[in-house]
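Okay, so here's the structure we're looking at.
Hydrogens, waters and symmetry mates play no part in the numbers below; they use all other heavy atoms, side chains included. Note on naming: letters A, B, ... go to the chains in the order of the sequence lines (proteins, then strands), and numbering restarts at 1 for each one.
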Amino acid sequence: MKRILICLAATLFCASVLADTMGNPAGMSPDTPGINAAKPAKDHSNIQDKLFVRQAAIGGRAEVELGKLAQSKGVDQAVKDFGSRMVADHGKGNDRLMRASRGVNAEIPDGVDPEHQTVRRELTELSGADFDLAYLASQIRDHQKTANLLQWHISYGQNQPLVEYSIQTLPTVMGHLEQAKLEHARLTTAGAPITRASD
Amino acid sequence: MNKKLFGAVAVSAALGLVAISRLASADPLPPDATYRPLPTVPLDVVRKNDEAMKPAVLKRQQALLNERYDLSNRAMSGVKMAGGRKTVQDGVRVKLKSGTTWDSLAAMSPGEIKEKNLLPAGFLPLPHVKQLAGGQVFPNEQIEEIRIAESRNLQRFDVDFDLPSHLTPEFPAPIFLTTRPELGDVSGGKLLTIRNYYAMMVGIITPVQMEGLRLLLTPFPQEEFNQTEDRKVPEQSLGVACLDCHANFHTNAAFHLTPDVRPQAARFRLDSTSLRGMFNQQIHGSKRSLRSIEDFTEFEQRTAYFNGDHVSATRKGVHLPDRPNQVAMMAQMQNIIDFPPAPKLDAFNRLDPSKASPEELAGEKVFMGKGRCAECHIPALHFLDNNMHDLKLERFYRVGQTFNDQVAIPDGPIKTFTLRGIKDSPPYLHDGRLITLADTVEYFNLVLGLKLSEQEKQSLVAYMLTL
């Protein structure tokens, strides 16, 4: 509890950090140490935590790969910039994910997953404005998916460092989604607002 | 946009070149992102853990509430709710971020407020007392009355109600009938229950209305109050009655989470609405926009009761009222519930100048003019427009932040609520995030960019007290 109060004072992000005594009430797995004594271990992980690490790692890796593609193939400067931002933000994010998931013991497949391999192949075949639009469209879908994945993990995850990771990452991902939507709208609709998302 | 690029986009869009693979996503989210998972831990263990966590859960919610609001008991002198039993709370209760004033905020652009993180936190979506568990939470007064009257337990073992009782509606609320306006409040200051309704209402309502009333007071299994191991009360429970939340057809501020959103962390809190004057509404539910009271009554068994999860409902024993008979009767009973009397209003719901004070009249002028309130809250339509509006609060803050396990996402379109009898139904907005009418004035002043003066704000509050 002390920790929440400090958080409240310190930053916005961790205003929501789980109390020390809480595992996740909705997703607490039956094998949680201490559960029968009503002292569930907060660093225990459940199935949702493991699945989350796997999916988040796959997604983050693909964002970096596709971002590099956008840096080189994009025509519109904003699309190139968006690609750079993906490389930087998701690169950092992936490192943080690996640190946060140390105790979780998740299985992460190697390389780019089949779904993103298809996307990458399709994008490679496009050029110019077609590439820009298709890249942004794929980014909208990916960030929708990642935002939902993070919200789902915040809902059902149990491992505290990992839930904190999700809580801290979500606003950034939703910022990316907003920016991808704005850039896509800018390139496709005459009436789109000129202002950019502030992050 | 550059013309060449635009040309290219137009051509390729026409040829369908930009279409990306149509395959279904390879790794969709697991089913618990939408469906309620089956319990995997025995009830006695769940209960022990929930009870052990309860103090920390409640303390965390109190910390959030105290950070956002001034929760003190500051009654307005001389202003009572319609039954004359509870005073209306005074003043703006949402706390400003340090270094700001309401006027300095109003002078800033939404983007600047967002950038500098200056939106008062009390304007943000309000989390459930235990967001990740969610479910129905009743105020202590309701719990006590039902315990005494029906020996039915509405007290959860994992959470308590989180607002102090001076910030909730009058309890028990008065009941006004459209069919018998001359009677005034027919509640006699008592809470309607399955044990007393007949004696209270015989001779006042029709047989069909009486049967509707009986059904509205009959408990049926619900997500947290049922007979399976997935419940939040120690003993197997008979369930919950419609009027456990819509107490005396008004609201007792019981809350739950919207059935309309997933995943769990993104669901917004729902403050029970009053059923007064519902006969005038064309759309029901803050998001669902159901088109009749019959539809809502029928579907409330899926939504308020089971979070919009018919799969879980089937397992726990859902009551599906028979449409032509039971639903119709329940609806007919709800349809005769009137607003409390507003003696200063005429047939158009405009103030009668011979009865209203200069300040109230000034408030009406702001409401109709500079405040633009009447563009959505149309007086002759009982302050409704039967529409949903997106107030776009997210212009003012960074979405995706998590507060006590609730992820703040944009509210999106929400139906316009009536303002008749509004002083009787705090807290305000669909999730109860605002405590007083003065808070609602500051909210709309900012969200609609009105730049009202202090005097205009006060007159608006004075005006809303007359409605």
>> Out of the candidates B:L65, B:V137, B:L64, only one should pair with B:V129 under the side-chain contact (heavy atoms from CB on, under 4.5 Å) rule; please name it.
In response: B:V137

>> Tell me whether B:D431 contacts the main-chain N or O of B:P125 through its side chain, where contact means a donor paired with an acceptor under 3.5 Å.
In response: no

> Side chain of A:Q158, backbone of A:K42: donor and acceptor closer than 3.5 Å?
Replying inline: no

> Taking only heavy atoms into account, what residues of residues 96-112 of chain A are found under 4.5 Å from chain B?
Replying inline: none

>> Strictly less than 4.5 Å between heavy atoms, which residues of residues 51-67 of chain A line up against chain B? Please order them by number.
In response: A:L51, A:R54, A:Q55

> For the candidates A:L150, A:N36, A:I35, which exhibits the highest count of non-hydrogen atom pairs separated by less than 4.5 Å from chain B?
Replying inline: A:I35

> Quick one: do the B:Q222 and B:E224 side chains pair a donor with an acceptor below 3.5 Å?
Replying inline: yes

> Using a distance-only test with no angle check, is there a side-chain donor-acceptor pair under 3.5 angstrom linking B:E223 and B:N307?
Replying inline: yes

>> Restricting to side chain to side chain donor-acceptor pair (under 3.5 Å), what partner residues turn up for B:S237, sequence neighbours left out?
In response: none

>> So for B:V399, is it side chain, backbone, both, or neither that comes closer than 4.5 Å to the heavy atoms of chain A?
In response: both

>> Contact between B:F268 and B:Q406 at the side-chain level, heavy atoms closer than 4.5 Å - yes or no?
In response: yes

>> Whether B:R156 and B:D158 form a salt bridge (side-chain N of Lys/Arg under 4.0 Å from carboxylate O of Asp/Glu) is what I want to check.
In response: yes

> According to the interplanar angle, ranging from 0 to 90°, do the rings of A:Y135 and A:F131 count as parallel (below 30°), tilted (30 to 60°) or perpendicular (above 60°)?
Replying inline: parallel

> Got a sec, which pairs hit ring-ring contact (aromatic ring centres under 6.0 Å, His included) with one end in residues 66-114 of chain A, sequence neighbours left out?
Replying inline: A:H90-A:H143, A:H90-A:H176

